[in-house]
Protein chains: 2
Amino acid sequence: MVNDSLHGLVEQRLRQVCQRYTNGRREVVELLARAGYPVSIGDIAELAPRLPRSSAYRHLVNLQQAGVVRRVSGNDEFSRFELAEEITEHHHHLVCTHCGKVIDVTPTKAFEEAMNKYLASLAASHGFASDDHRLDILGSCSTCRAPQPQL
Amino acid sequence: MVNDSLHGLVEQRLRQVCQRYTNGRREVVELLARAGYPVSIGDIAELAPRLPRSSAYRHLVNLQQAGVVRRVSGNDEFSRFELAEEITEHHHHLVCTHCGKVIDVTPTKAFEEAMNKYLASLAASHGFASDDHRLDILGSCSTCRAPQPQL
DNA sequence: TCCGGATTGAGACTCAGTCTCAAAAGAGGC
DNA sequence: GCCTCTTTTGAGACTGAGTCTCAATCCGGA
């Protein structure tokens with residue numbers, strides 16, 4: 001999952017905006033790639049305790065500018081970060097409204113195509129040009145449903 | 001738009017959780033209904049300058065507990081609030097990635113049904129029970145596109 | 001090796017959002 | 001109307017995510 005082509009791609013993207021691919025940035029990218037789900041700043045502090053908070057935020061901002069990382073808003077008040085879809089692949093999120101857990105899910109191509117087509121016309125009817133979409137499925141994960149099987 | 005049936009419904013909902021429909025809460029509900037788009041705490045401070053911030057937040061929490069209001073996360077870091085869909089109607093958001101503007105859009109019934117069906121099975125395949133979904137269309141509004149017609 | 005610009009760490013700062021507590025407002029009984 | 005008890009409200013202190021600043025460090029090129 002965390003392979004060389006990922007790092008090559010990230011480095012290239014950073015170079016395009018005149019930035020180096022330093023150890024700190026590499027650490028953040030590896031962490032995001034390994035996690036495989038949108039991580040909060042708390043997760044980062046836990047997974048990379050030696051990385052100062054100010055540096056973590058700065059790396060995330062830089063990587064966002066380079067189009068490598070995107071910010072995701074969950075169900076709670078704080079933001080989470082994940083690798084951009086151009087780096088991984090287009091996906092949506094399953095959000096547990098009880099524990100806040102977020103899981104990535106990849107939709108079928110057919111569904112995406114139908115949705116894109118529909119959304120473009122919906123947007124156009126309101127004077128919008130649609131570039132992208134963001135779809136979150138809200139529900140309860142298996143762990144949170146376990147104690148009450150009849151939810 | 002801001003009619004008596006709305007207030008009746010809200011009062012009923014509040015009563016169900018043993019709370020009164022006071023002037024402060026009424027003010028917040030009217031403000032949300034009049035706005036017609038998800039408002040941030042900054043918008044509230046602007047639209048109801050006499051309402052203390054702590055009270056505004058408390059009202060929003062109470063109204064959320066009563067199922068009258070829901071929290072929406074936009075493209076930026078802070079939360080926005082809108083009347084719950086049970087009060088208004090199910091809708092999605094057109095989000096302008098340039099100016100942050102959010103517009104409500106109502107999808108067709110056919111589209112919603114197809115999507116719900118698909119999302120339920122997608123969620124189930126990951127052990128989730130899906131209750132609801134949240135779909136934002138990201139793009140650029142007519143105003144932001146105006147200076148560069150070839151976007 | 002030296003220089004200049006990019007990057008980093010530490011910590012102060014900002015401000016959205018929460019919490020506390022005393023004052024005010026309501027509901028109900030007399 | 002008056003008293004009592006509970007709920008609501010306003011003011012402001014507090015918390016913590018996220019930003020900003022600045023001096024120290026790193027790195028590429030000459």
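As a basis for the values below, the full set of heavy atoms in this structure was taken, side chains included, without hydrogen atoms, waters or symmetry mates. A note on names: the letters A, B, ... follow the listed sequences, proteins ahead of strands, and every chain is numbered from 1.
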Atom pair distance, as rounded to whole Å: [atom1] in [X] and [atom2] in [N]:
X      : N       : atom1 : atom2 : value
Q64(B) : dT18(C) : CD    : P     : 9 Å
L51(A) : dG11(C) : CG    : C1'   : 16 Å
E27(A) : dT8(C)  : CD    : P     : 10 Å
R25(A) : dC26(D) : CZ    : P     : 16 Å
D43(B) : dA16(C) : CG    : P     : 12 Å
L60(A) : dT8(C)  : CG    : P     : 12 Å
N62(A) : dA6(C)  : CG    : C1'   : 10 Å
R58(A) : dT19(D) : CZ    : P     : 12 Å

Phosphate contact ([N] OP1 or OP2) by [X] side-chain N/O below 4.0 Å:
X      : N       : result
Y57(A) : dG18(D) : yes
H59(B) : dT8(D)  : no
S54(B) : dG10(D) : no

S79(A)/R71(A) under side chain to side chain donor-acceptor pair (under 3.5 Å): CA gap, chis, key distance, verdict: CA-CA 7 Å; S79(A) 10; R71(A) 184 181 210 145; 3.2 Å; yes
Members of residues 12-20 of chain A that approach DNA chain D, where some heavy atom sits under 4.0 Å away: R20(A)
Test: R15(A) and E11(A) ion pair at under 4.0 Å: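 E11(A) and R15(A): salt-bridged.
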Between CG on residue L14(A) and CG on residue L63(A), distance to nearest 0.5 Å: 5.5 Å
Working for ring-ring contact (aromatic ring centres under 6.0 Å, His included), residues H133(B) and H90(B): CA-CA 10 Å; H133(B) 61 263; H90(B) 181 64; 4.9 Å; yes
No-hydrogen, no-angle side-chain donor-acceptor test under 3.5 Å, E82(A) and H91(A): yes
Position toward the 5' end of DNA chain C (nearest nucleotide), R50(A) or F81(B):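 First, find each residue's nearest nucleotide; the 5'-ward one identifies R50(A).
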Test log, rule salt bridge (charged side-chain N to carboxylate O under 4.0 Å, His left out), inputs E30(B) and R34(B): CA-CA 6 Å; E30(B) 294 215 342; R34(B) 262 202 302 272; 3.6 Å; yes
Sugar-phosphate only, base, or nothing, as touched by T22(B) at under 4.0 Å among non-hydrogen atoms: sugar-phosphate
Candidates dA11(D), dA16(C), dA17(D) - which lies nearest the side chain of R53(A): dA17(D)
Side-chain donor or acceptor of H7(A) paired with backbone N/O of S5(A) under 3.5 Å: no
